[in-house]
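First up is the structure itself, then whatever we jot down about it.
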Amino acid sequence: MELPRQGFAAGGENGGEKPPAPEPESVPLIEGMAPLWPDESAESSFLAESRDRGEPVPVAKPAEDRADQADTKPLPALDELVGRIPLEVRESLEDLFRARFVTVKRLPRKALKT
């Protein structure tokens, strides 16, 4: 038994047209419809019930470390920092890795290994 073919090829049922574009997978909001995502009260009650059952509840992490915000003094110039590196080390870096110093950036404390 042969299955019927779609008519999107040349000479098919719809004259060789391209297949229609897929519809986006979004659900439109309808007036009077329940929200698609829980609100703050539903979220907090869910977390409280989870704690009561003894399930581990992840704690929200702060957006930024307060210590990083306090350190706002200006960064030193690139030439000053490169000057702190001994000449032999800079030459070795150049020979081995073709390393060039191009910018000075402040990293968050959590990015540093302690």
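The basis for the numbers below is simple: all heavy atoms, side chains too, and nothing from hydrogens, waters or symmetry mates.
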Minimum-distance pair of heavy atoms, taken over all atoms of [X] and [Y]:
{"X": "Ile85", "Y": "Arg90", "result": "O-NE, 3.1 Å"}
{"X": "Leu81", "Y": "Pro76", "result": "CD2-CG, 3.7 Å"}
{"X": "Val82", "Y": "Phe101", "result": "CG2-CB, 3.7 Å"}
{"X": "Leu47", "Y": "Val57", "result": "CD2-CG1, 3.5 Å"}

Problem - Residue Arg100 excluded, over 12 heavy atoms near CZ under 6.0 Å - result: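 Incorrect, the count does not exceed 12.
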Practice task
Please answer: with hydrophobic residues joined when any side-chain heavy atoms are less than 4.5 Å apart, are Phe97 and Leu87 in the same cluster?
Solution key: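 Phe97 does not cluster with Leu87.
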Practice task
Any chance you could lay out the salt bridge (charged side-chain N to carboxylate O under 4.0 Å, His left out) test for Arg98 and Glu94, step after step, and finish with the verdict?
Solution key: CA-CA 4 Å; Arg98 300 289 182 231; Glu94 170 63 28; 3.7 Å; yes
Problem - SB check Glu55 Arg51 (cutoff 4.0 Å) - result: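 Salt bridge: no.
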Practice task
Walk me through it: do Leu107 and Leu112 pass the test side chain to side chain contact (heavy atoms under 4.5 Å, CB included)?
Solution key: CA-CA 8 Å; Leu107 296 175; Leu112 303 175; 4.2 Å; yes
